[in-house]
Amino acid sequence: MEKVLISACLLGENTKYNGKNNYLKGIEKLFPICDLIIICPEVMSGMKTPRNPSEIQNDKVINSQNKDVTHFFHSGAALVSYIAKENNVKYALLKENSPSCGVHKIYDGSFTSKLIDGQGMTTRALIKMGIQVFSEKEIDFLIQKLTNQ
């Protein structure tokens, strides 16, 4: 069975910066067709929950208190990349808009809720490894990939 990385918050784990989650309705469709490897790059890197929100600004990650937290995001991306390599992962389902997991969109760094085209730090690392990354809005495309193999 194919192994798939998945953002912990999509499974209902309270790993978001505000201590909440992004539970994805319909996520249970994945259970019988793949082995999920649950990840949260931010928590894995040592960041606490809850924590100050962070956004990418010019390839650095800055939190809402204007503190550079880039090292946490690079560390999280490296840990997830290692897990992906060790498990021969080909696919990931990650949380859109996140500075770690954003697939197509991230916040613009102004802390004004403005989205721009871009990818989170972990998503960038996974794509460089050749892993196909889907956002939670693309779960049906992932299911299609997994069932047509």
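Side chains are part of it too, since the values below use all heavy atoms of this structure and drop only hydrogens, waters and symmetry mates.
- In terms of the salt bridge (charged side-chain N to carboxylate O under 4.0 Å, His left out) criterion, Lys85 has no residue partners (sequence neighbours excluded).
- Membership of the apolar cluster around Met44 extends to Leu5, Ile37, Ile39, Leu79, Val80, Ile83, Val89, Leu94, Val103, Leu126, Ile127, Met129, Ile131, Val133, as traced through chained side-chain contacts below 4.5 Å between ILVMFWY residues.
- Cluster note: Tyr17 groups with no other residue, as no ILVMFWY side-chain heavy atom lies under 4.5 Å from it.
- Proximity of Lys29 to Asp140: side-chain heavy atoms (C-beta onward) are separated by under 4.5 Å at one or more points.
- Qualifying side-chain contact (heavy atoms from CB on, under 4.5 Å) partners for Gln65, counting only residues two or more places apart in sequence or in other chains: Asn52, Asn63.
- For the residue pair Ala77 and Ala125, the shortest heavy atom distance occurs at CB-CB, 4.2 Å.
- Residues Asp117 and His104 form no side-chain contact, since every pair of their non-hydrogen atoms from C-beta on lies 4.5 Å or further apart.
- By the salt bridge (charged side-chain N to carboxylate O under 4.0 Å, His left out) test, Lys16 pairs with no residue at all, sequence neighbours left out.
- The closest side-chain heavy-atom distance from Asn97 to Ile106 is not below 4.5 Å.
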Notebook entry, point to check: Do Glu2 and Tyr91 pass the side-chain contact (heavy atoms from CB on, under 4.5 Å) test, and can you show the C-alpha distance, the side-chain angles, and the key distance before you say yes or no?
Noted result: CA-CA 8 Å; Glu2 199 73 52; Tyr91 305 108; 3.8 Å; yes
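- Cluster partners of Met1 are absent, since no Ile, Leu, Val, Met, Phe, Trp or Tyr has side-chain heavy atoms less than 4.5 Å from it.
- Atom CD of Glu138 is separated from atom NZ of Lys145 by 11.5 Å, given to the nearest 0.5 angstrom.
- Taking hydrophobic clusters as Ile, Leu, Val, Met, Phe, Trp and Tyr residues chained together by side-chain heavy-atom distances below 4.5 Å, Phe141 shares a cluster with Phe31.
- Listed by chain and residue number, nothing satisfies the salt bridge (charged side-chain N to carboxylate O under 4.0 Å, His left out) test with Asp108 (two or more places apart in sequence, or in another chain).
- For the residue pair Thr49 / Arg51, a side-chain donor-acceptor distance below 3.5 Å is found, with atom types taken as modelled.
- Clustering of Ile, Leu, Val, Met, Phe, Trp and Tyr side chains at separations under 4.5 Å leaves Val43 isolated, with no partner residue.
- For Asp35 (side chain) and Lys3 (main-chain N/O), no donor-acceptor pair under 3.5 Å exists by modelled atom type.
- For Phe73, the side-chain contact (heavy atoms from CB on, under 4.5 Å) partners two or more places apart in sequence, or in a different chain, are Glu42, Met47, Ser54, Val61, Val69, Pro99, Ser100, Met121.
- The line from SG of Cys34 to CD1 of Ile143 is 8.5 Å long, rounded to the nearest 0.5 Å.
- Cys9 has its side chain out of reach of Cys40: every pair of non-hydrogen atoms, C-beta onward, lies at least 4.5 Å apart.
- In this structure, Lys90 and Gln132 have side chains that are not in contact, with every pair of non-hydrogen atoms separated by 4.5 Å or more.
- Contact detail for Gly102 and Glu96: the closest heavy-atom pair is C-OE1, 3.6 Å.
- Residues Phe134 and Ile139 fail the side-chain proximity criterion, which asks for heavy atoms closer than 4.5 Å.
- By the side-chain contact (heavy atoms from CB on, under 4.5 Å) test, Lys25 pairs with no residue at all, sequence neighbours left out.
- The OG atom of Ser98 sits 10.0 Å away from atom CD of Glu136, with the distance rounded to the nearest 0.5 Å.
- Taking the side-chain contact (heavy atoms from CB on, under 4.5 Å) definition, one finds that Ile6 meets it with Leu10, Leu11, Ile27, Leu30, Leu36, Ile38, Leu93, sequence neighbours left out.
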Query raised in the report: Is there a side-chain hydrogen bond (donor to acceptor under 3.5 Å, both in side chains) between Asn22 and Lys95 once you walk through the steps?
Result: CA-CA 8 Å; Asn22 293 303; Lys95 178 65 184 111; 4.6 Å; no
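- A donor-acceptor pair under 3.5 Å is absent between the side-chain atoms of Ser45 and the main chain of Gly76, judged by distance alone.
- Minimum heavy-atom separation, Glu55 to Phe111: OE1-N, 3.0 Å.
- Scanning all heavy atoms of the two residues, the minimum distance from Gly120 to Ile56 falls at CA-CD1, 4.2 Å.
- For residues 70-80, the pairs satisfying side chain to side chain donor-acceptor pair (under 3.5 Å) are Asp68-Thr70, with sequence neighbours left out.
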